[in-house]
Amino acid sequence: MTTTMNHPAAATGKSRTPIIERLNIVTAFALGAISAFVVWRLALQFLPPDSEVRLFTREDKITLLSMIAWFVGFMTGIGALVGPFRWVTGKDLSHDENMFLAGKDMGIKRYFRYTTDHKVVGIQYLVITMVIFGIGGILAMLIRANLGTPEGGLIHPQAYNSIVGTHGIIMIVGTIIMVTGPIGNFIMPIMIGARDMAFPRLNALSFWLIVAAAIPLIWAQFIGGISTGWSAYNPLAGQAPLGMNGYIMFICIFALSTMVAGANITTTVVRMRAKGMTWNRTPIFIYGVVASVALALPAFPVFFLSQVMSGMDRALDTSFYNTAGGGSGWLYENLFWIMGHPEVYVILIPAVAALMEMAPVFTRRPLFSFNVAVMGIAGISGLSILVWAHHMYISGWAPLLNAPFMLTTELISIPTGMLFLVLVGTLWRGRLWMTMPTLSIFALLWNFMIGGITGIYLSDVPADAFLHGSMYVTAHFHYTLMGAGLTGALASLVYWFPKMTGRMFDKKLSWISFWMVQVGFNVTFGGMFIVGLQGQPRRVEAYAALFNKGNLITSIGAAVIMSGMLVLLYGVISSWRHGVVAPMNPWHAKTLEWTVANPIPLENFAVLPVVTSDPYGYGKEKK
Amino acid sequence: MTDLMPPTKNKWWKHPDVKKTFIYWLILTPAVAIFGTQFHVLAMPDPASEVMSGVITLMRVFTWAASPVAALVFAMCATALTSQRHYGDNPPAEADHQISNSPRANALWIVISAVMCLFALVVGLIVLQKDGDALHEAGAINVNVTGQQWAWNYDYTNGARSEVLYLPVDVPVIFHITSKDVKHSFWVVEMGIKMDANPGYTTEAAVTPNKIGVFNVRCAELCGLLHAYMQNKVHVVSKADYEKWLADRSALEARS
């Protein structure tokens with residue numbers, strides 16, 4: 001750390017700053033905006049007018065082309081092409097240049113460039129996840145505000161539908177990256193005893209793709225919005241305003257990011273575990289992260305293609321989803337849910353696995369049934385790619401397949417039960433060290449139990465014929481994704497905060513926000529269960545007076561959640577800036593990330609560790 | 001639970017934690033079951049068909065079946081929370097054991113969840129079969145349902161058209177559902193049936209209303225700007241009233 005960087009420019013004797021050092025977030029946004037503008041202008045000038053009578057087609061082409069230009073410009077501007085370009089021209093990056101890319105001795109600036117150090121990428125992911133949850137939360141509060149009275153009307157229906165869709169899709173994206181992004185990138189390589197990810201440049205790529213994806217989504221809000229809900233069913237998406245193109249681009253770029261991150265994390269874990277870290281000694285959190293990203297690997301290309309086809313239907317007048325032209329909306333539904341169901345486990349598994357990792361630490365006893373935990377994770381991952389059509393029981397697509405899909409869906413309760421067994425088994429006869437993560441284990445068991453049992457009702461075809469498309473479904477998946485998933489993610493934040501920032505998370509604030517969020521959450525979605533059972537459909541901007549009470553309960557609960565989240569945000573900022581300086585291993589845990597000093601040196605380990613046992617050796621030996 | 005098997009001769013069920021959990025479980029099981037069923041049944045609308053009664057029964061059965069398992073998890077949590085808690089910035093002493101597995105507990109847990117799963121499946125299949133048979137009911141009346149942004153239209157076999165659904169009580173009815181534009185979902189709330197209306201395809205759903213009254217039809221699939229307002233009423237009337245209404249409607253249609 002003492003040597004100053006050998007300047008690449010100085011080495012070659014040129015006085016000009018080399019291009020690799022000039023690229024950062026500013027050049028990225030500038031180049032992105034310029035290329036989008038130029039392509040938009042050219043397309044406006046030269047694209048022939050539509051010959052057919054069809055709304056939007058020419059505008060769709062122009063919008064999509066400009067967005068693609070934005071994407072290419074942004075990625076070039078941030079420096080994603082430097083590595084491949086240098087490699088193609090035969091002048092691969094030197095060691096110094098790689099060190100520069102890793103952000104060596106760069107201070108705060110490294111967070112605003114194409115930095116390859118996994119710890120920088122982890123912090124970048126953490127910040128963008130918090131931004132996403134902030135925006136998604138504000139949108140949720142707008143939805144609740146509009147549903148404050150039965151008549152709605154506070155927000156124009158078009159804008160309201162767009163808010164519902166945007167809230168949905170960005171929260172899905174936020175929850176997908178909330179654990180595997182910050183924790184998976186920052187902590188995971190240290191936990192397995194590696195110096196960095198297998199492909200550091202791909203790591204930076206996966207993050208900056210998300211930033212690139214965000215702009216089309218924001219853009220979309222100004223050209224008609226996403227008025228289709230997050231699922232963007234066709235043919236509704238085909239007749240939606242131009243904003244739909246923003247959704248299409250957003251999904252395509254985000255899917256790329258997920259694929260890149262998936263390949264990177266999987267390779268890292270398979271190839272780069274420390275010496276002696278056999279699969280039996282690999283922490284359970286690692287299994288969770290790998291299962292999650294490996295599940296995303298088959299799921300997201302399908303999502304990508306479904307949106308490419310959706311864009312072609314709009315811009316090129318193809319008929320993939322248009323029945324009149326020989327296509328089918330059912331095709332879209334199938335493709336969407338082939339992504340959509342594995343995706344909920346992409347969200348859930350790492351969050352549960354993180355709590356499994358914390359359970360032995362805070363009960364001071366070994367993890368109960370490591371093998372069952374692995375079986376549970378593997379079982380869920382395997383089955384989750386076979387259940388997608390339970391979202392289509394009442395679509396009329398294939399009534400004969402309802403029974404088999406009911407079978408596969410209900411089978412998932414067996415591996416899910418295994419995760420419960422591992423958690424309660426670890427709590428059993430443990431010495432509970434009461435911290436916010438410990439409380440989160442109980443909160444997860446409570447919320448996930450409710451989410452899981454309501455999931456069994458929904459998996460049943462006749463019951464689903466009543467419940468499908470109602471607020472009951474909305475409440476159910478919030479119980480799983482937020483009640484279980486987000487609870488695990490917030491616990492991860494508090495647990496790994498000392499390692500990521502070098503300071504302890506303020507204990508009092510973590511407890512206050514925990515109770516506010518959990519109580520508010522159960523009130524919110526308890527009320528939503530009631531209106532769903534009474535018969536209120538999803539995604540409505542007005543409702544019958546009958547649903548008044550339940551909606552009122554939900555709105556009050558939502559306000560409590562928001563207040564709790566603000567307390568948490570204050571806790572993050574104040575603890576990060578002037579919290580108590582954390583010792584190396586504040587939780588007295590036994591995984592490898594707690595063996596490196598704060599702040600963590602650039603390549604984590606001076607000498608790579610050798611692992612001789614699993615990390616769960618707590619408790620006294622039997623006599 | 002068998003993970004409590006200590007090396008000494010003590011029986012595992014004599015451990016105080018086991019006794020505590022058992023007592024909690026005995027209290028929590030009926031509590032969860034009663035709360036769970038009441039929560040669902042009180043909120044759900046009064047059934048206006050056998051199908052809906054079946055749904056309510058399913059919810060009761062599933063809640064009762066799930067409650068011992070949920071109560072066991074909650075009871076174990078309660079035991080853990082009430083046994084050994086430690087507050088402070090430093091960890092408590094490590095636990096007095098190193099139990100990291102229990103093949104018997106694992107096997108028991110997996111077998112129980114598999115049996116529950118099978119139970120849910122069989123119950124579901126029985127009801128599903130019954131609902132499926134309704135599509136081939138002899139003597140059923142046929143109604144064509146067409147969804148469009150943002151209204152429902154009903155066509156009867158004798159040429160009558162209506163924007164409000166009229167049905168005779170205790171007569172099976174088969175809906176043939178389609179859409180003119182985007183996907184909608186035809187939901188007769190109090191009768192517990194729902195089927196998507198897809199452009200270019202016709203889907204079917206069957207029900208026998210068994211109660212005279214006015215009930216709700218709502219669209220359950222986001223279909224654009226005024227999705228929230230795509231709802232109207234279904235009037236279930238006596239057979240004589242229905243015949244009269246139908247004759248009036250078709251006469252009206254013939255005139256126009």
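Naming convention: chains lettered A, B, ... in sequence-line order (proteins, then strands); numbering from 1 in each chain.
Both tests hold for A:K590 against A:Y618: distance to the six-membered ring centre under 6.0 Å, angle to the ring axis within 45°.
When heavy atoms are compared at a cutoff of 4.5 Å, A:I453 approaches chain B solely by way of its side chain, counted from C-beta outward. Residue B:L81 touches chain A through both its backbone and its side chain, counting heavy-atom pairs closer than 4.5 Å. Of the atoms belonging to A:Y543, not a single heavy atom falls under 4.5 Å from chain B. If you measure heavy-atom distances from A:H468 to chain B, the contacts under 4.5 Å come from both the backbone and the side chain. For a residue to count as touching a neighbouring chain, one of its non-hydrogen atoms must lie under 4.5 Å from one of that chain's; by this rule A:I441 does not touch chain B. For A:S227, the part sitting under 4.5 Å from any heavy atom of chain B is the backbone (N, CA, C, O) and nothing else. Contact of A:V424 with chain B is made through backbone and side chain together, with heavy-atom distances under 4.5 Å. Only the side chain of A:Y233 comes within contact range of chain B, with heavy atoms under 4.5 Å apart.
Per-residue heavy-atom pair counts under 4.5 Å with chain B were compared for A:F529, A:Y616, A:F420, A:W433, and the maximum is reached by A:W433. In terms of heavy-atom pairs under 4.5 angstrom with chain B, the leader among A:P537, A:G469, A:S369, A:G396 is A:S369. Of the listed residues (A:Y393, A:Y160, A:W446, A:W330), the greatest number of heavy-atom pairs within a distance under 4.5 Å of chain B belongs to A:W330.
Atom CD of residue B:E94 and atom CZ of residue A:R431 lie 9.5 Å apart, to the nearest 0.5 angstrom. Distance check, rounded to the nearest 0.5 Å: OG of B:S179 to NE2 of B:H184 gives 4.0 Å.
When atom types are taken as modelled, the side chain of B:H86 and the backbone of B:N90 share a donor-acceptor pair closer than 3.5 angstrom. Here the side chain of B:W109 pairs a donor or acceptor atom with the backbone of A:G417 at under 3.5 angstrom.
Interface with chain B: from residues 457-467 of chain A, residues A:Y457, A:D460, A:V461, A:P462, A:A463, A:D464, A:A465, A:F466, A:L467 qualify, criterion being any non-hydrogen pair under 4.5 Å. Among the residues in residues 35-43 of chain B, those with a non-hydrogen atom closer than 4.5 angstrom to a non-hydrogen atom of chain A are B:F39, B:H40, B:A43.
The closest side-chain heavy-atom distance from A:L439 to A:W511 is below 4.5 Å.
For B:Q84, the CD atom counts as densely surrounded, since its 6.0 Å shell holds more than 12 non-hydrogen atoms of other residues, nucleotides or ligands.
There is a side-chain donor-acceptor pair under 3.5 Å between B:Y201 and A:S328. For the residue pair B:N216 / B:E190, a side-chain donor-acceptor distance below 3.5 Å is found, with atom types taken as modelled.
Not a single salt bridge (charged side-chain N to carboxylate O under 4.0 Å, His left out) links A:R538 to another residue, sequence neighbours left out.
Sorted by first and then second residue, the salt bridge (charged side-chain N to carboxylate O under 4.0 Å, His left out) pairs with a member in residues 216-230 of chain B form an empty list; sequence neighbours excluded.
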